[in-house]
Amino acid sequence: MDSLTYQVTIKGLYFDGSGRVLMVQEDSGVWDLPGGRIEHGEDFHGTLRRECLEEMGLESEILDRHPYWAWPAQDRDGSWKVVLCFRIALPHLDFTPSQECVNLDLFDADSMPWHAVVPQMQPLRALLADTSSEQR
């Protein structure tokens, strides 16, 4: 891939009442936010709804018109991504396992297994820490 290009990935932020964020665990053992790469012709909301359905088998409601959080990051394959995060609502957490989602869990900045989180999610640490300090 051209070193000057960025992929755009759309991620969902599902927060519980304690401010913990939902993460999905891939069959490789790594954790990530639900969502994925935008496809040609899709809009941000359509991408996130499709990805939640593909990964977790869950319909999602997008709560933000514009990204809630966004950052550039390098992923584990060395590619650069622009990560756009939108808050989502889910009807429940009774997911259907897939290759991209074998487990779900809720984490805050302190409980997140950072050693097993995809590299592109590392900026999430500071954002979650800021959010939990605001709630205190």
Side-chain angles (χ1 to χ4, degrees):
M1 176 176 287
D2 180 346
S3 64
L4 300 177
T5 62
Y6 278 80
Q7 296 175 359
V8 177
T9 187
I10 313 298
K11 297 295 186 174
L13 296 166
Y14 173 89
F15 292 103
D16 71 0
S18 300
R20 297 177 304 170
V21 69
L22 178 75
M23 300 288 283
V24 297
Q25 187 177 35
E26 299 173 6
D27 65 352
S28 65
V30 299
W31 291 89
D32 197 352
L33 289 173
R37 201 173 327 161
I38 191 169
E39 294 181 359
H40 291 266
E42 280 186 320
D43 63 23
F44 299 152
H45 289 185
T47 297
L48 189 49
R49 281 196 281 294
R50 174 184 54 78
E51 288 286 348
C52 286
L53 197 55
E54 287 176 5
E55 290 178 5
M56 303 179 291
L58 296 174
E59 296 286 340
S60 60
E61 177 187 354
I62 315 306
L63 303 176
D64 299 307
R65 184 172 179 189
H66 303 288
Y68 184 73
W69 286 332
W71 63 81
Q74 194 168 20
D75 203 2
R76 57 188 160 195
D77 64 1
S79 64
W80 281 92
K81 301 189 185 274
V82 174
V83 181
L84 304 178
C85 300
F86 293 82
R87 290 175 300 165
I88 60 173
L90 299 170
H92 51 76
L93 297 181
D94 185 20
F95 74 103
T96 302
S98 70
Q99 186 177 14
E100 296 177 280
C101 177
V102 297
N103 191 18
L104 299 177
D105 209 342
L106 293 155
F107 301 102
D108 58 24
D110 296 330
S111 65
M112 185 80 67
W114 292 109
H115 66 282
V117 173
V118 294
Q120 72 182 16
M121 288 297 118
Q122 292 305 315
L124 186 61
R125 181 187 304 224
L127 295 167
L128 289 173
D130 287 347
T131 301
S132 40
S133 67
E134 290 170 7
Q135 291 177 350
R136 290 184 197 138

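FYI, the numbering just counts along the sequence from 1.
Considering every non-hydrogen atom in both Q74 and G78, the closest pair reads NE2-O, 3.0 Å. Heavy atoms only, all atoms of each residue included: P113 and F107 are closest at CD-CE2, 3.5 Å. Contact record, L128 with M112: CD1-CE, 3.7 Å, taken as the closest heavy-atom pair. The nearest pair of heavy atoms linking Q122 to V117 is NE2-O, 3.7 Å. Closest non-hydrogen pair, Y6 versus V82, comes out as CD2-CG2, 3.6 Å. Of all heavy-atom pairs between D94 and L58, the closest is O-CD2, 3.7 Å.
W114 is connected to W71 through a chain of hydrophobic side-chain contacts under 4.5 Å among Ile, Leu, Val, Met, Phe, Trp and Tyr, so both are in one cluster. Linking ILVMFWY residues whenever their side-chain heavy atoms come closer than 4.5 Å, directly or via other members, places W80 and V8 in the same cluster. In the hydrophobic cluster analysis, where Ile, Leu, Val, Met, Phe, Trp and Tyr join through side-chain heavy atoms closer than 4.5 angstrom, L48 is grouped together with L93. Note: the hydrophobic cluster containing L53 does not contain F95 (ILVMFWY, side chain heavy atoms under 4.5 Å, direct or indirect links).
Inter-residue side-chain proximity for L33 and V21 is flagged as met; some heavy-atom pair is nearer than 4.5 Å. I62 places none of its side-chain heavy atoms less than 4.5 Å from the side chain of F44.
By the 6.0 Å contact criterion, NE2 on H92 is enclosed, its count of non-hydrogen atoms from other residues, nucleotides or ligands being greater than 12. Other residues, nucleotides and ligands place no more than 12 heavy atoms under 6.0 Å from the CD atom of E59.
For the atom pair CD1 of I10 and CZ of R37, the computed distance is 12.0 Å after rounding to the nearest 0.5 Å. K81 contributes atom NZ, which lies 3.5 Å from atom CD of Q7 (distance to the nearest 0.5 angstrom). Atoms CG and CD, from L104 and Q25 in turn, are 9.5 Å apart once rounded to the nearest 0.5 Å. Annotation: the span from E51 atom CD to E100 atom CD amounts to 6.0 Å, rounded to 0.5 Å. To the nearest 0.5 Å, atom CD of residue E61 and atom SG of residue C52 are 12.0 Å apart. The distance from atom NE2 of H45 to atom CZ of R65, rounded to the nearest 0.5 Å, is 9.0 Å.
Under the 4.0 Å criterion applied to side-chain N and carboxylate O atoms, R20 and D108 are not assigned as salt-bridge partners. With salt bridges taken as basic N to acidic carboxylate O contacts below 4.0 Å, one links E39 and R50. Using a 4.0 Å cut-off between charged nitrogen and carboxylate oxygen, E26 and R76 count as a salt-bridge pair.
With hydrogens and angles ignored, the 3.5 Å screen pairs no side-chain donor or acceptor of W69 with any backbone N or O of L124. Of the possible donor and acceptor atoms, none in the side chain of H66 sits under 3.5 Å from a partner among the backbone N and O of F86. With hydrogens and angles ignored, the 3.5 Å screen pairs a side-chain donor or acceptor of S98 with a backbone N or O of E55.
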Going through the distances and angles, do T9 and K11 end up as a side chain to side chain contact (heavy atoms under 4.5 Å, CB included)? CA-CA 6 Å; T9 187; K11 297 295 186 174; 3.5 Å; yes
Test side chain to side chain contact (heavy atoms under 4.5 Å, CB included) on Q120 and D32; report intermediate values, then the result. CA-CA 9 Å; Q120 72 182 16; D32 197 352; 3.8 Å; yes
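Applying the side-chain contact (heavy atoms from CB on, under 4.5 Å) test between L22 and each of L90, D105, L13, I88 identifies L90 as the sole match.
Side-chain contact check for E42 and T47: at least one donor-acceptor pair (N or O, by modelled atom type) lies under 3.5 Å.
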